[in-house]
Structure formats: C-alpha cells, structure tokens
Amino acid sequence: MPALRFRQAIVAALTDEMSADPTVITFGEDIAAAEGVFKATEGLLATFGPERVRDTPISEMAFTGAAVGAAMMGMKPVVEIMFIEFLGVALDQLVTEAAKMRYLSQGQYSVPMVVRASSGSGLGFGCQHSQTLENWVAATPGLKVVTPSDPQSAYSLLRASIADPDPVVFLEPRILYAERGEVDFNLKMKLGQARVLTTGSDLTIVALGNMVNVSKAAIAQSGVSADLIDLGTIVPWDRETVLNSVRKSKRLIVVEEAPLSGGWGSEIIATVTRELFSSLVSAPFRITTPDIPVPFNGSLEAKFAPNAADVCRQILESMKNNSVPDAWWVSEGVAK
Amino acid sequence: MPALRFRQAIVAALTDEMSADPTVITFGEDIAAAEGVFKATEGLLATFGPERVRDTPISEMAFTGAAVGAAMMGMKPVVEIMFIEFLGVALDQLVTEAAKMRYLSQGQYSVPMVVRASSGSGLGFGCQHSQTLENWVAATPGLKVVTPSDPQSAYSLLRASIADPDPVVFLEPRILYAERGEVDFNLKMKLGQARVLTTGSDLTIVALGNMVNVSKAAIAQSGVSADLIDLGTIVPWDRETVLNSVRKSKRLIVVEEAPLSGGWGSEIIATVTRELFSSLVSAPFRITTPDIPVPFNGSLEAKFAPNAADVCRQILESMKNNSVPDAWWVSEGVAK
Amino acid sequence: MNNSVERRSALKDNEVAWFERMLEIREFEKQTNLLFASGSIRGTTHLCVGQEALAVGIASVLNKDDVVAATYRGHGLALALGLSSHSALAEIMGKATGCAGGLGGSMHLCDSSVGILPTSAIIGGGMPIAAGAALAFQIQKKSNVAVAVFGDGATNIGAFHETLNLAAIWKLPVIFICDNNVYGEYSRFNITTPIEDLHTRADSYDMPNLKIDGMDIYTVRTALEAAVERARTGGGPTLIEAKTYRFSGHSRADTAPYRPEGELAEWEKRDPLKVTQEHLIAKGLLSSEKIAKMISETEEFIQATIKKVLNDPEPTVKDMFKNILAESKN
Amino acid sequence: MNNSVERRSALKDNEVAWFERMLEIREFEKQTNLLFASGSIRGTTHLCVGQEALAVGIASVLNKDDVVAATYRGHGLALALGLSSHSALAEIMGKATGCAGGLGGSMHLCDSSVGILPTSAIIGGGMPIAAGAALAFQIQKKSNVAVAVFGDGATNIGAFHETLNLAAIWKLPVIFICDNNVYGEYSRFNITTPIEDLHTRADSYDMPNLKIDGMDIYTVRTALEAAVERARTGGGPTLIEAKTYRFSGHSRADTAPYRPEGELAEWEKRDPLKVTQEHLIAKGLLSSEKIAKMISETEEFIQATIKKVLNDPEPTVKDMFKNILAESKN
Ligand SMILES: Cc1ncc(C[n+]2csc(CCOP(=O)(O)OP(=O)(O)O)c2C)c(N)n1
Ligand SMILES: Cc1ncc(C[n+]2csc(CCOP(=O)(O)OP(=O)(O)O)c2C)c(N)n1
Ligand SMILES: [Mg+2]
Ligand SMILES: [Mg+2]
C-alpha cells in the first residue's frame, strides 16, 4: 500500500471518482490551474480538463449554489471552500437550499454534492482562518457532515461522500494535509459508520479529525485500555458503535476541537447519558477548546486545541477516582 | 402594569433605549416606513426620525456589517433580520467579524450591536422561514445569544441586550408576536441570568422561548412539582441557576425547539451530567423536534415542535419509573 | 405523458391558450386571496396579479426540459409552466395531493416534469441554482437553458452579483429575468436602489441586457426568444428586466397603502390580460363573447378545483419523515 | 500623543516623508519575507511590495480620525497610517508587544489611535464595516470619512455589491478603493472577472468612480482628495480603482510562477518607489546621495526593529482569555 500525504489521498479520491463517474466535477477558488492552495486538487485539471475542473471567482455563494443546481441536474459537483469560515458568506445555499431540496420536491430532485472545506487550528492562520465550525451545519436535517482523521479515511470517506445521493459537508483538518499514511484504495468506508481504532476495556474515547490522533497518542501515554472511536461522520453519527462501546467500558470521554460551549460533542454526551445512564460508572465528559477565539501566537495556539499530554492527564485523573477532571484552564487557574 | 403584545414590548424596549441613549439606531428591511413586517418597530420612525430609523435594501450582509462598523464608531445599532434564516447570507459579519473585533483589537474596539431576528415554527411559513437555528451562533466566543419567552422578558432582555457592550443575537419566537402579557417597565433583567418561573421539588425543566410556555402548560397538566427555568440567554447560559435547581430536584428535562441532533439543549445536558452525575436519580434528557425540515401542513407543524400534551406525557412517564420516555415519533412508530 | 407536460405543450404557438392560462392564473390568485382571507389558507401567500404576461410568456418560449428557478411569488409561473391548479392549490392548502405533498406550502411549488425547481423563499436563493443547472447543461452538451426569475428588490442581494459574474465568465446558458414589479415588500424600488433601470447592472459583467414591457406577452416572448437562442448556441447569459406591476399587496393581508394614489390605476390601464385580449381581438382570434365564456369557464374550473382540494386528504404524520435523505425515501 | 499619531502626522504635506515611509514599507516587507522563509514567522504573510504608493497616498490624505478597513494584505497600509514597524512586526511574530498582543497575527493589524480597524482576512469582510463606520459619522454629524481598501478579486464577492448599493442609497461618507494588483491569489483578474475596468461597476449604484495609476502617489492623492472632499461635504461615496501590481507572490512561499514572462519586469519600470523618487529629484527635494542614505538608514532601522522584536516577550496563557467580552477585559 502506498503511503500518501493526506492531501494526496484527497486528490486520489477525487481522481478515482472522476474517472469512474463522468458526472463528477469540481470547482473552487484556484483549484484548477494552481491545483489548490493546499494542493488537494493536484493534477485534476491536467487529467480531466477545464470543463470538469474549474477555477471560480471569489464568490462562494454563487459557486456553492451552482453546485446545488448542477447536482439537481444530474451532476455530482465537489466544491472546495478553502477555509470553512468562508461558508459564512454562503451558508444559505447549503443549509436553506441544498438540505431542503429533496424535501421540498418530495423526492423529485436530489442534491448529490460535496462541499470540501479545510477546518481547524494549528497552522498559525489566526482566528478567522482556524475555526472548526461544525455547528454551522450539524443541526441540519438533510445534510451529512464528515471529517476524516488520516489519509485512509480521507480517501475512503471522500469517495463515499461523492457517491452519496445527498449533500455532504466534508471537513478536512488542515493541520493534516501534509501528514502521511498508508492508503488501501480498495478499502470502502460507509458514511455514518465509525471506526474503532484501538480496543480496550476501561474507557471509551470518541474523537473526530485530528483529535483522533491526539487521543491515540494520549491513550498510549496513559497506558489505559480504551476503545478509541473515530467518528468519521458527525451527522449522522454512529450511535450503535458508540453505545456498544460504552455499554462495555462504562466510561466515556469525547475529545473535540470545538469550543466548550455549543460544540458537537455535547450531542454524544447527551445521547449516551440518555441511553446508558444507569450503567455508567462515572460522568461522561468532553475535552474541548476553551471558549475563546483561536489565538495566533504559536505556543498559545498549541495549548488551544486538546493535546495528547492534557488528554492523558484527564484520562488518568478521571480513571483514578471516577470523577471529572478540570479543564486545563481551570486547573492552571487562568480562567473559569 | 400595561398588558402589551410581545411585539409591542419590543417596540417599547426600542423606544425606551432610543429615548435614553441617542447612540441607539435601528435599521432593517421595511422597519421604518412600514414599521416592520411583524410590526415590531411600530412608531419608531415617527418618534425618532429617518436618521436613526432606516429602511435598508435587501442586503443582509451589508447592513449587518454596517451595524458592526457603526458600533465600532460609538453607535449602538439594532438591526432586524426579518427571519433568522436570512442570517445564512450574512453570518460572516456576525460570527467572523463582530464576535472577533474586541479580541483582534485587544479591547481597542468593541461592537455593542444587537441583531434582532424572528425565529421558530408555528405560523405556516414553510421550512425556509420556520427554523430556530441557534446553532449557527451558539458556539461563538464573543457573541451573546438571547431568546425571550413573553412580553416582559422581551422588554427587559432587549433593553439589556441593547445596553450590553458586546454583540448580542436576540431571537424572537415569531409565534409569540401577537401574545399579550403584563410588562413592568422598571423590571431589569440581566443577560445570562435565568428566571425560575415555577418552583417545585421533583424535577427541573429548562426551556427557552416559546418552549417555556409549552413547558408551563405541561407542568400544570402533569401535576408534578417542578422548577421551570426560563433560560432567557443561551450564551452565556446560567449554569448556577440550572445546577442549583437540579441539585435539589435531581432530575432534568430540557425542552427545546430545535432538531434532536445538534440543538443547544445537549449543552445543558452535558454540563449538568458532568457536574451532578452522582446526584442525579435518572438520566437527564431533551424533548426536541424531530430531525426533519419544518413541515408546512398545519396539523403536522403543530406536531413538529414540542407541545404541552407530549411534554406532559414525557414528564409523567419519566417520573413514573425514572426512565427516559421515547420521543413521540418513536412511541407512535412513525420514525426511529 | 402527465398532465403538467400536456398543459405545457398546450401553450406551444397557441395564442389563445396563452390568454386562457393568464385568465386561469388571475382567477387562481383571486381565489387564493379569498381563501387566505377566510382562513382556509394558513401562513402566507404572495400573489402575482399583474405579472401574468411575463409568466406565460416565459412558459410559452421555454421547452419542458429547460428549468426555471423562481421565488415565493411563484404561483403564476408554476401554473404557466404546467403545474395544475389542483396541484398548486393543494400545496398551498397543505394537502397530500399538493406538488410537495402539502409539506412545502405557498412559497415552495415544484414540478420536475416541466422544469419547475422548488421555488425559493430566500431572496437570491434561486439564482445560483439556475446558474448551476445551466452549468450542468453546458457540461452535458445539452441545448437546454436555465432561467432565474426574481424581483427588483433581489437585485440588491449579493447572490445576484456573484451569480451574474459567474454565469458571464463561464458563458452559461442561463437567462436572468428581473420581474421589476416596482415594489420589494412595502418599499418602492427607488427607496432601496439608486438607479432606475436595473438591467444595466449586467454591464458590470459584460452581459447583454435589456428592458422590456412585461405587461405585453408578445414583447416578453420576443426578448426571451433572442436570449434563449443566444444561450442555446453558446452565447452565454442575458439579463432581461421586465417592467411589470404588482397589482396586489406584497403578501397576506397587505393592501399596499404605501402606493402613491393613482399609481395602480395607471398601471391597470396596461393590465396584461387587457393587453393580450386587445391583441387577440385585433388578430381576429377572439371575440368578446368568447372571452366572456372563457372567463366564466375559468371561474367554474377554479371553483371546482377548490371543491376538490377541500376534500383532498392531508399528509400523514409519517409523510413528514420522508424525503429528507435518500434513505428516508418512502 | 502616541507614536502612531506622530508617525501619521509626519506625513502631512511632507513629500520626503512619503518616500521615507514607502522605503520603510518596502524594507519591512522584504524582511518579513525573509523572516517567514527562515521560519521565524509562522502562519502566513501577504506582502504589498509594489503597492506602497497607494498605501502612503491614502495615509497622507486622510485625517487620523478617519478610519480604514483593510485586508490581510495590510502591512503597508498599517505602517503608512501610523502603526510602528515594531508593533506590526511584533504582531506578525506573535509577540505580546504586537498591536493585537500577538493574538491576531499578520492578517490582523489594528490601531484605533489612527483609525486602523482590525484588518479582515475574509474577502469583502471590511467593506460593510467601513460603510457602517461612515454611517456613524453621518449620524454623529462628523466630517470624518471611512475608507475600505480591497483587491480586484474582492469585487466579485456579494458584500462588494451590497455595500456599494447601501452606501450609495444612504450617501455615506465612505470611499471604496479597489487596489487592483492584477491578481487574486494565483488567478489573473481577467480569469474571474469579465470586464477590464472594475471601477465601472460603481455605475450600478450611480456612484462616482474612476481609475487611477496606483503606482504614483501624486495621482493617488489627487483622486483621493477629491473623493474625500465629496464624502466630507455630504456628496456620498466614490469607487476608485487603483491600478497597481503585486511584485511578490500571493502569500507565504508563493513565487508566482503563473505570471506571464516579462509582466513583472514591465511593471517594475513603474515601481512606486522609483516613480516617487523621480518626482522628488525633479522637484529638487531629494538627491541620490540623500536617497542612498535614507535606504541604508531604513535598513538599519528595520534590522534594529527585528532585533528588538525577537527579544520581546510572548503573550501569556492568561492573555488569550482576555478581551473576548467586555467582562473578560483584563
Ligand atoms: C435573504 C432574504 N432577505 C429578506 C427576505 C424577505 N423578503 C421576502 S420578499 C421580499 C421583497 C422582495 O422584493 P422583490 O425582489 O422585488 O420581489 P417581489 O416580492 O416584488 O416579487 C423580502 C425583503 C427574504 N425572503 N430573503
Ligand atoms: C470569502 C473569502 N473567500 C476566499 C478567501 C481566500 N482568499 C484570500 S486572499 C484571496 C485573493 C484575493 O484577491 P484580491 O481581492 O485581488 O486581493 P489581493 O490578495 O490581491 O490583495 C482569496 C481568494 C477569503 N479570504 N475570503
Ligand atoms: Mg418587486
Ligand atoms: Mg488582487
């Protein structure tokens, strides 16, 4: 199996879907001639030509909406929103148009499109280019929301997203673009199906995107025996896998790169609590970012998103006395 | 105390703030000459003139952003986004600009603006004009999010929102505009402070907006002894009041007009579970809308948002055996 | 072949059918208004009385495989394009027999068999979608066109600007039709827009543009035919501004008190039904007797439709859980 | 009076100071680029080499109580408007001494004492904000103006259209300056925009507009002075398109391989520093000796600044929790 960078896995998924299905097209800002600011569309223009691979003006509303319309007419457009923040100028087309089309036409029209967007902190891009923002799309019946954590899931989940008959928001943790990993091109993954990456008896950790890698390192450091669940798809998320794991482990931590207030992780906690309340031995809890904009300074940004050392600390503290550890900003006395 | 309609309480709050503070201005589509499609700005143009009360073009991005800039220059703009959905064409200015200005200027600039937006279902406006969409703004450090539930809180919380030095999203349940209630103009309410509307020993119910009224009716029907907490402010929400209540009642239900997946209520559940896990006698849970677009048909729309009868059923079932009742769509066998 | 397709092809080169359809729309809107006033329709309605010539003109020029992205003010266009009055009214009344099963309502009509994309209730919502449909046609090497119809007020929304630019740079087979009915909600368009002729905004995109009399179906057709021909043959998009007038209020119970006195009366002189009727009489295609008969038949037909719709079933609770994702199809 | 205000007033009617400031910006950007390349600056940078005449021209015309909403490509404008090289570089290097405490970074410079609104990293983000500032001035009956500076690519975003329309209809004292540096990221502007002269887009809003040579500070000043005068006296907004050229790549390590051969060299003939220098020499205000001295002094000054910044403290963990809401002030 080849070892690909994450961004190359994206390219491979696009290439394979575009080769297999002539209705797949892709467009976005500087994705064609320049092959993408993250080089996640490298070679596509050369391979598939300017009809199917297009540069757009800086007009996210227009080109996201164009994807909706093209999808309704039988194409499978994949658009790149360079940074998820830019959906702030185009959200209407996704949440209020694309997600409603099947319903409003009672199945006469469907919208098989994918919005790829880079997301998350870690690269020193400042607070307007470093957010995760899943909350903008996560409470939208009619949309699916996917986040890969490594080149393999980037490849397999992007293929599944493109093949999906409904609109999918595919969030790429931009900190991972340059990371390498082996990719089995024959490995299919289904949307809505989580991966159990490590198995263990004491604890269930649910994570997404780069927090999967952080959690994996933290588990190793901590020495606990834990199920690590890579959710992969946030909407719809894999309740069965998570519930089965927690049934066994009786303990749950969600590790999440999103603000403490309002992130998607509380959804997992609320559901697990609802379903498994009496079998839990301790309070399920989240490890998140603090409720602050993403800071630019490098050492501060490194502290901003959950990191392995702090996740490890919280795992160990929580296991020791079945209690919920303080967030680092509380234990370090810098904030409430 | 006068009995005002909810929309009149909005008018009164705007009038009183504009009288007290010449920097308060307001603009939006058809809010001046026509006095608002919901008549929530009635009389303002006549009283305060065309300089401070303005009709805008259909340009939500421009006028929301204009409020940001005016606020930075010492004004206190209140803009009306007629239906919260229209923030889908303007979210950038709120989440990525307004909420970041204080941080990015390290306190040199602040953005004391209010975005008023009608929200929610119940009036037969169809799925693009009936959503609640708090999730678009709720996970944004730097923003406050407020929802009144009656004319009194509409009046007092809107005044507090306008006086607040930071950007506030003020969501008005549009089903309430015509409802009447007594308003004490001297009653001040603070953002972030919940109201305990009924007190009881057996159960804590947390609700927001019109779900407060639904919950009140349900509590009365059910005969249980419950604390009914009207959150009022979702961000930052009043953890103390909620935790204190649940400490006493040991049971929590959140009643929420938002999709089951991804709504703000899971935040309350996750926090209460984290803090009070060992003292809870049963699983805290949410009563929400199903994960579907808002249906137009009247009887279906009436079933869509939690109603008193169903909340009452769920209260009674949950009290009977300390378990979590099924959502109506599960118990009625229409969906999973 | 379904009813909508037949109704659509009935307009093909049949001038009397145009008039007939305009009459149907006029009566449909009149009755919709009454049903709303009497409480039989909930939510809201946006009538297109005064704008029938544009709707039928568009429908008479386009093929059924062309698509149209219209707005909440879409009853007339939908009926013109082929949707039956029954299906439209049933939708507006929330019946299971409506074009969206009663789940969409007045602002969301749809019929894929004749290219009616779900109408959007968001200003500017349909424009990029029309461009996207046109993009699909271009890539598929089809000669179909997409049409976006929107109001004067909508020319101030960002999506208008972005979409026209995108369509121009990609030379998409899309026609933008600004139905300038003088008002956006309760505001005369000059309150919100600093220019008089909105079509000139297309100059910003080097896009052919023109204004036309939207009250005259013949004028509408001529302009549209040229634009459609250009689009079908790779010449790219066009912006057409049709000057019309909204004879009714904006929505619901609005009686348009903000209109200057006499303005409505002035425009009523050019009522599209009157204009068409004069053409047809002059051409010898209609007589006043025939017209009177058509009117009373239309009235009867709409009354019968109302009766039928009133007896139609409502969607079930199960229905509202369908068609959200492909998996929830049935 | 703080340093920024002094630096700003130093430009008042002082042609030599303009040149000096342009030299400072040029050297600042050159060193920023090197610091980025050597790993001392993280994240990204967007240089404005080639665009200095516009930046300093703007700063030399505006009063310190006027405000400017600029973009991520904002180093030059910020320095021109008065921000010190130290404060700017410290911000870019994430130091506590930066204008945003090291929490903002290269794309977010700010200084309220001279009207630098936090620069926005979102295309079109600053335009409505500038209009809003102008609205405040209008209501406050101040004669201040607001200026929005943005790129050629930004004229395709919805906010551009909406904001120009709003500013026109309200006659706001705002000046829109399109810094057309030929490229938006890696795309020549004609790839994404079907017209050559972007300023003509203001015709859509009945707004005065013109294009100018953005390489010549004298031209910039003349055009801006007229626009500012119009704005201050109630005449409303103006759109100025300044034709400039981005001598560097878009950001970070981009070397602009997509540029046609010879294009850069062609534009370098009109390097704004060269142009200004020629003016000043012709006017007898500068000699080549003086210029050589200024250059070496500037180099030394920036080197000294770098040294200082490198020794500056980083923000503490506590700092990042401040200034989110009024309550979190300290
Ligand atoms: C983004 C957005 N903003 C505001 C509205 C509310 N709204 C509905 S119709 C309307 C007026 C539209 O005027 P115009 O474009 O002239 O169309 P007309 O109603 O006259 O057909 C407005 C402001 C909306 N639906 N969407
Ligand atoms: C809404 C949005 N879309 C896309 C981007 C990514 N982006 C950053 S700079 C840029 C090019 C802007 O070009 P132009 O307006 O000409 O400004 P310049 O960089 O040349 O100064 C793009 C597309 C963004 N920041 N915001
Ligand atoms: Mg109109
Ligand atoms: Mg540029």
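Proteins get letters first, then strands, A, B, ... in listed order; numbering begins at 1 in each.
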- Looking at D:A121 and A:F86, what are the two nearest heavy atoms and their distance? O-CE2, 4.4 Å
- Item | Taking every non-hydrogen atom, the tightest pair across D:M320 and A:P295 | SD-CG, 3.4 Å
- Might you work through the side-chain contact (heavy atoms from CB on, under 4.5 Å) test for A:V37 and D:Y186, ending with a clear yes or no? CA-CA 9 Å; A:V37 298; D:Y186 316 135; 3.8 Å; yes
- Examine whether an atom of D:T155 lies under 4.5 Å from a heavy atom of chain A, and if so say whether it belongs to the side chain, the backbone or both; otherwise answer neither. neither
- Message: Using a 3.5 Å distance criterion without hydrogens, assess whether the side chain of A:S59 forms a donor-acceptor pair with backbone atoms of D:N156.
- Response: yes
- Item | Distance-only donor-acceptor check, side chains A:D30 and D:S187, under 3.5 Å | yes
- Query: Is it the side chain or the backbone of D:Y258 that comes within 4.5 Å of chain A heavy atoms, both, or neither?
  - Reply: neither
- A:F125 backbone acceptor or donor facing D:R42 side chain under 3.5 Å: no
- Message: Under 4.5 Å from any heavy atom of chain D, what part of A:L123 do you find: side chain, backbone, both or neither?
- Response: backbone
- Task: Heavy-atom distances under 4.5 Å only: say whether A:S130 touches chain D with side chain, backbone, both or neither.
- Result: neither
- Item | Closest approach of D:I324 to A:D291 (non-hydrogen atoms, all atoms of both residues) | CD1-O, 4.1 Å
- Count the heavy-atom pairs under 4.5 Å between each of A:H129, A:M61, A:K303 and chain D, then report the option with the highest count. A:H129
- If one checks every heavy atom of D:I157 against chain A at 4.5 Å, the contacting part turns out to be both
- Item | Spatial distance of atom CZ (A:F296) from atom CE (D:M93) [nearest 0.5 Å] | 9.0 Å
- Between A:S299 and D:E314 the two heavy atoms that sit nearest each other are OG-OE1, 3.3 Å
- side-chain contact (heavy atoms from CB on, under 4.5 Å) assessment of D:V317 paired with A:L300: CA-CA 6 Å; D:V317 171; A:L300 300 188; 4.0 Å; yes
- May I ask you to decide if D:G102's main-chain N or O and A:N297's side chain share a donor-acceptor pair within less than 3.5 Å? no
